[in-house]
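Here the structure comes first, spelled out in structure tokens, and everything after it is commentary.
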Amino acid sequence: MAERLPQASRQRRGKAMTAAAGSAGRAAVPLLLCALLVPGGAYVLDDSDGLGREFDGIGAVSGGGATSRLLVNYPEPYRSQILDYLFKPNFGASLHILKVEIGGDGQTTDGTEPSHMHYALDENYFRGYEWWLMKEAKKRNPNIILMGLPWSFPGWLGKGFNWPYVNLQLTAYYVMTWIVGAKHYHDLDIDYIGIWNERSFDINYIKVLRRMLNYQGLHRVKIIASDNLWEPISASMLLDTELLNVIDVIGAHYPGTRTVRDAKLTKKKLWSSEDFSTLNNDVGAGCLGRILNQNYINGYMTATIAWNLVASYYEQLPYGRCGLMTAQEPWSGHYAVEPPIWVTAHTTQFTQPGWYYLKTVGHLEKGGSYVALTDGLGNLTIIVETMSHKHSRCIRPFLPYFNVSHQFATFLLKGSFSEIPELQVWYTRLGKPSKRFLFKQLDSLWLLDSGGAFTLELQEDELFTLTTLTTGGKGSCPPPPESQPFPQVYDDDFDVDYPFFSEAPNFADQTGVFEYFTNIEDPGEHRFTLRQVLNQRPITWAADAYNTISVIGDYKWSNLTVRCDVYIETPEKGGVFIAGRVNKGGILIRSARGVFFWIFANGTYKVTGDLAGWIIYALGHVDVTAKRWYTLTLIIKKMAPSVTGLFHQTLLALWHSWHVCHQSKSLVNSGE
């Protein structure tokens, strides 16, 4: 066969066989051949019999919770570089969808995100960082799809119950105001809205929400439900015509690439509306590469949304480094572009929402899978993956064993694709660094002399994209600064007249909400403060602590001094505590251990070994009252803490109960 190929094709074939052999000692990339003689087992890519389902995009979640917390504190140019890798078309992940948490004041995995309505008559559309993030995404990709979903809700909606469906109209109004505020204050059009993340849905609430949106002229905003399992939402839709009509998309979490019969019978769009959440090493990248193809092949899911967008939270919190990339050191500027970014690019850079899958997609004979998509205008993108079981296990659900082995796969283009002259080729191989390639462009495949056929030599843990599009690109920036631990000496006086963000740099709220506050009644050194603003528990999503808490610092600190000025606003019942060597955060915060020093407005104090206050080291009385400033100092050396005056923290700064407190002039000095 080789003698029959024209000279140009032979040259292209030879280049393709060796294009990615980047340096001495590296294995050559697999064989790519144009094939004139097509075996009977070829994989046919054909649109003659129509197309498959409409492709809705690939995206990621910011939130659920506080997963982008440290990103906003990055200095330029590093912050913009990170955002480019996530959102800029034809540069990095080039995401089609951004899904954000509608902050509800509660702990939602790695922290709390503030609500735009802490109280019934309170509205503020500049709290938190999700507004900023959506605007930055839109700035880079004006066509990006925006989604909002509540995890927790502010406590006033529950009227004393830990339940958002006590007053359906009120909760629908609350969600509607978030959508309207996004447009009014930030010129952001929200495309999809969810119900309650991974918790119960209420059929009547969904109907009320649709009517509320329509009444406000928000007909274009689509509803996705229920961001949990396929059932019982699918069966409920089949039994209720009105519910079926008001839900536009069924979204399931971690579906294991499978759907259920009822979901398909609804004839609605099916999405994996949260997936991945796996360590962003090569195994995590393999997980993502496998599910991006097989969610459609096995489950007809036309969108996959990864949790989470960027691992920009303290790594010791739950699910550390489970983002598409890592950006957890704003103090140093260091970040890492991880393999999942480039695995995502294999699909996102060469497709767009509104393209269509071909009907001719499926599994490879010796393991792996392939999908093909078209814009209906002559463009074609083919994605082939051979992720092994060992190197593609997601954090959930359980992955049944399968085998992938070396194979030659021949593809035949038919129908409107039979005359395609050339395909661009992008290649990834995961595994040992000496054999790894990430999103490398190979020489193109020339098909004019092959009758639309070509053959790929496939090994384990590889990913190919073959496409008519010539716009793909592997973006790069100058290397970021080297990784550095949190500064050993750190202070903040919160002296910011007009803060761009509501939260102070590097503080990560774990229960409660801490915001910049200007104390206009104090013209002195305590005019600018950080204030815990909640006075009631939110409608929780996770096991929030019974005491409000915000984290800052280095998990490894042992010997240190911390000093902070504090102010208790609530007489008698109010209080504040500070702590060091705290060992847990996020959804585990309630069981955190450490050294905790508590003072109360009733003139008492205690020292405990845990946040819950069960392990008591000391009790007593102290000259403390509300409405006065105190300087608290905590010194921790070796195994035993010593108290000077009162106390402050190492890793965490906390306020007691659900009573408002202030913090001013914070200092951390770590010995190690």
Side-chain angles (χ1 to χ4, degrees), residues 65-66 103-115 118-119 151-164 199 317-318 507-515 530-552 566-602 604-619 624 626 632 634 647-663:
D105 296 335
Q107 168 64 247
T108 54
T109 298
D110 290 297
T112 68
E113 297 203 23
S115 171
H118 292 319
Y119 318 110
W151 267 251
S152 64
F153 295 83
W156 61 273
L157 287 172
K159 297 186 179 297
F161 296 92
N162 194 41
W163 190 246
R199 296 295 182 264
L317 292 171
F507 281 87
D509 303 346
Q510 299 301 302
T511 298
V513 174
F514 296 75
E515 297 178 352
L530 190 66
R531 188 187 196 194
Q532 199 293 113
V533 298
L534 302 187
N535 62 9
Q536 61 181 320
R537 288 182 67 82
I539 296 171
T540 57
W541 183 82
D544 296 49
Y546 291 105
N547 308 285
T548 59
I549 170 172
S550 187
V551 304
I552 188 170
V566 299
Y567 183 95
I568 303 172
E569 293 187 65
T570 307
E572 295 300 321
K573 295 183 179 180
V576 58
F577 71 86
I578 51 180
R581 297 181 181 173
V582 179
N583 69 342
K584 293 179 183 177
I587 53 177
L588 305 175
I589 189 59
R590 185 179 290 186
S591 60
R593 302 284 293 271
V595 180
F596 298 80
F597 185 87
W598 316 64
I599 60 171
F600 303 98
N602 64 5
T604 63
Y605 78 91
K606 64 180 177 179
V607 180
T608 70
D610 64 334
L611 178 56
W614 291 102
I615 304 170
I616 299 176
Y617 296 142
L619 294 168
V624 170
L632 310 186
L634 169 64
F647 251 60
H648 194 63
Q649 90 197 62
T650 159
L651 181 64
L652 305 141
L654 330 201
W655 316 127
H656 173 60
S657 295
W658 294 93
H659 302 285
V660 178
C661 296
H662 292 280
Q663 172 185 3

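Values below: every heavy atom of this structure, side chains too, minus hydrogens, waters and symmetry copies.
A heavy-atom distance below 4.5 Å is not found between the side chains of Thr540 and Gln107. By the 4.5 Å heavy-atom criterion applied to side chains, Phe600 and Lys606 are counted as neighbours. The shortest side-chain heavy-atom distance between Arg537 and Tyr546 falls under the 4.5 Å cut-off. A heavy-atom distance below 4.5 Å is not found between the side chains of Asn535 and Thr570. The shortest distance between side-chain heavy atoms of Asp105 and Pro154 falls below 4.5 Å.
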Checklist line | Step-by-step side-chain contact (heavy atoms from CB on, under 4.5 Å) determination, Leu611 to Ile589 | finding: CA-CA 8 Å; Leu611 178 56; Ile589 189 59; 3.9 Å; yes
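Val607 approaches Phe597 most closely through the heavy-atom pair CG2-CD1, 3.3 Å. Heavy-atom minimum distance, Trp541 versus Thr108: CZ3-O, 3.4 Å. The two residues Pro318 and Gly585 come nearest to each other via the heavy atoms CD-O, 3.5 Å. Contact record, Val582 with Ala579: CG2-CB, 3.7 Å, taken as the closest heavy-atom pair. Closest non-hydrogen pair, Phe153 versus Pro538, comes out as O-CB, 3.3 Å. Nearest approach of Ser550 to Phe507, heavy atoms of both residues: OG-CB, 3.6 Å.
The neighbour count for Arg199 CZ, taken as heavy atoms of other residues, nucleotides or ligands under 6.0 Å away, is above 12.
Annotation: side-chain contact (heavy atoms from CB on, under 4.5 Å) contacts of Ala543 (sequence neighbours excluded): Arg590. Partners of Thr109 under the side chain to side chain donor-acceptor pair (under 3.5 Å) rule, at least two apart in sequence or in another chain, do not exist in this structure. Every side chain to side chain donor-acceptor pair (under 3.5 Å) that Ser115 has, sequence neighbours left out, goes to Tyr174.
No side-chain donor-acceptor contact under 3.5 Å links Asn547 and Thr511.
At distances below 3.5 Å, not a single donor-acceptor pair connects side-chain atoms of Glu515 with backbone N or O atoms of Arg531. Between the side chain of Thr548 and the backbone N or O of Gly512, no donor-acceptor pair lies under 3.5 Å. Although no hydrogens or angles enter the test, the distance criterion places a donor-acceptor pair under 3.5 Å between the side chain of Asp610 and the main chain of Ile615.
Across Ile549, Thr112, Asp110, a single residue satisfies side-chain contact (heavy atoms from CB on, under 4.5 Å) together with Gln510, and that is Ile549.
Atom OH of Tyr605 and atom CG of Leu619 lie 7.5 Å apart (nearest 0.5 Å).
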